[in-house]
Engineer: 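This is the structure I have questions about; it appears just below.
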Amino acid sequence: MNKAEYKDMWVYIEHDGTEIRKVSLELLCEARKLCDAAGEKLAAVLVGELPESEVQKILECGAEKLIRVSGAGLERFSVDAYTELFTQLCRKYKPSAVLVGGTIDGRDFAPRFACRLPTGCTSDATQLVYDPKTGDIEFIEPAVGGKMMAVITVPFVRPQVGTIRPGTFKYVPGGARGCETIEERFDFPIEKIRTRALSFRADEYDESLNIADAEVIVCVGNGLKGADALPRYRELAVLLGGKLGCTRPVFDRGVLPYKLVIGQSGVVVKPKLYLAFGVSGAVNHVTGITDSDTIVAVNRDPEAAIFGYCTYGIVGDMDEVCDAMIAQLKARA
Ligand SMILES: Cc1cc2nc3c(=O)[nH]c(=O)nc-3n(C[C@H](O)[C@H](O)[C@H](O)COP(=O)(O)OP(=O)(O)OC[C@H]3O[C@@H](n4cnc5c(N)ncnc54)[C@H](O)[C@@H]3O)c2cc1C
């Protein structure tokens, strides 16, 4: 394979017909930087209809090409149709990279079309770096339980496919650059769709479980004695105008839901204030909090790794420190 024949970095635009999922915009902004480093063009692949105000967001992230795909069988996400679509589009246009949000749909179809091409697909990178010597993207992510950082590349084939979790990168549009629109027609035979959505019922929306954009987060770790000890942390979060989050062991113990897990396999957060109670500071967790403005850690072990990441550290019993904070906040009210 001649890698030089493969040009342009693509971002798949995931949307629900009215709004673009934020992860796609985050990826556009990150891919913009990669394209600048590589001297390549940034292309967005949009399947189906979307209001023009949303399309404008794509342009403002600096996309230079917009591949708009319409056709039968694409009205709603279908892993069969989207896998075939991206296999064909990649064969036709030969992009150097395709970045897809690490959502339920993205994780479903990206490895499949990568496999059909065939090329490599990597998931959950927390950093993307363009290497000018090789022309490859380095997908960097914590490995071996966070003890090392793995640098994964797709050195011999193209495109380089990657799924990236929501919240990993920042959505900071750098401005429109002038964009060429390419219309593509693709009809996928309905009878070839093996898995079909028969109906759709949304989860009951619970705002307290949406922590990605919270400005204050009170995170409870495995030091938590049990569910009985939780109310004080909820109270502290409310007093600070924030939300509750947790580490993975707290979810594994069945104390809090998965949507509150922060870190590599959970949510990446960027609050102004992050309070960690009974959190050891494992890399898999810390990966999700490094963009916090201020980190306060409470741990009874003065050697805990979390103290290497925090702005302020308190050595002490988490419940006692939490109670003292609540008392102080109430005294000030
Ligand atoms: C592939 C992979 C992905 C992962 N993804 C994630 C992820 O997304 N998020 C995540 O959180 N983890 C993740 N993990 C798990 C991660 O490696 C750690 O095991 C986890 O983060 C540890 O959670 P913890 O700090 O709450 O628990 P522990 O490591 O058990 O630490 C508990 C801490 O509480 C302190 N403590 C105990 N009692 C008290 C007390 N009374 N007062 C004060 N301090 C006390 C202890 O000193 C200790 O430091 C992942 C692991 C793997 C292998």
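Computed from a predicted model, the values in this text were never measured in an experiment.
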Engineer: Can you name the one residue among L244, V238, L273 that meets side chain to side chain contact (heavy atoms under 4.5 Å, CB included) with V218?
Structural biologist: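 By the side chain to side chain contact (heavy atoms under 4.5 Å, CB included) criterion, V218 pairs with just one of L244, V238, L273: L244.
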Engineer: Are side-chain heavy atoms of F277 and C322 found at a separation under 4.5 Å?
Structural biologist: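 The answer is yes, as the side chains (C-beta and beyond) meet within the 4.5 Å cut-off.
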Engineer: Hey, does L46 have a side-chain heavy atom less than 4.5 Å from the side chain of R68?
Structural biologist: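 They are in side-chain contact.
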Engineer: Could you check R32, K7, K41 and say which one makes a salt bridge (charged side-chain N to carboxylate O under 4.0 Å, His left out) with E64?
Structural biologist: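 Result: among R32, K7, K41, R32 is the only option passing the salt bridge (charged side-chain N to carboxylate O under 4.0 Å, His left out) with E64.
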Engineer: Which atom names give the shortest non-hydrogen contact between A110 and T163, and what distance separates them?
Structural biologist: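 Closest approach of A110 to T163, heavy atoms only: CB-CG2, 3.5 Å.
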Engineer: Using the rule given for side chain to side chain contact (heavy atoms under 4.5 Å, CB included), can you reason through T119 versus V98, listing the C-alpha separation, both sets of side-chain angles and the distance that settles it, and then say yes or no?
Structural biologist: CA-CA 11 Å; T119 186; V98 184; over 6 Å; no
Engineer: Side chain to side chain donor-acceptor pair (under 3.5 Å), that's the test. Do E184 and Y93 meet it? Break it down for me.
Structural biologist: CA-CA 11 Å; E184 273 290 330; Y93 289 102; 2.5 Å; yes
Engineer: Taking all heavy atoms of G316 and all of V298, pick out the closest pair and write down the distance.
Structural biologist: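 Minimum heavy-atom contact is O-CG1, 4.1 Å.
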Engineer: For the residue pair Y171 and C29, what are the closest heavy atoms and their distance?
Structural biologist: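 Of all heavy-atom pairs spanning Y171 and C29, the closest is CD1-SG, 3.8 Å.
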Engineer: Check whether the side chains of Q88 and E84 place a donor and an acceptor atom closer than 3.5 Å, and report yes or no.
Structural biologist: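 Short answer, yes.
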Engineer: Got K243 and L260 here, is their nearest side-chain heavy-atom distance under 4.5 Å?
Structural biologist: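 A side-chain contact under 4.5 Å is absent here.
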Engineer: Closer than 3.5 angstrom, by distance alone: can the side chain of Q56 be matched with the main-chain N or O of E54 as a donor-acceptor pair?
Structural biologist: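 Checking the backbone N and O of E54 against the side chain of Q56, no donor-acceptor pair under 3.5 Å is found.
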Engineer: Is the shortest heavy-atom distance from the side chain of K33 to the side chain of L128 under 4.5 Å?
Structural biologist: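 No, their side chains stay 4.5 Å or more apart.
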Engineer: Please tell me if the side chains of C35 and Y130 come closer than 4.5 Å, counting only heavy atoms from C-beta onward.
Structural biologist: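 With C-beta onward as the side chain, the pair stays apart.
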Engineer: Can you say whether the rings of F109 and Y82 are parallel (under 30°), tilted (30 to 60°) or perpendicular (over 60°)?
Structural biologist: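 Perpendicular: the ring planes of F109 and Y82 meet at over 60°.
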Engineer: Is it true that K170 and D291 make a salt bridge, defined as a side-chain N closer than 4.0 Å to a carboxylate O?
Structural biologist: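 Yes.
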Engineer: I'd like to know if the side chain of K3 reaches the main chain of R158, judged simply by a donor and an acceptor atom lying under 3.5 Å from each other, with no hydrogens or angles considered.
Structural biologist: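 Not confirmed, K3 side chain does not pair with R158 backbone.
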Engineer: Is it true that a side-chain atom of D131 and a backbone atom of D136 form a donor plus acceptor pair closer than 3.5 Å?
Structural biologist: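 No, D131 side chain to D136 backbone: no donor-acceptor pair under 3.5 Å.
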Engineer: Taking atom types as modelled, is there a side-chain donor on Y233 or D319 under 3.5 Å from an acceptor on the other?
Structural biologist: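 Their side chains do contain a donor-acceptor pair, which is all the 3.5 Å distance test asks for.
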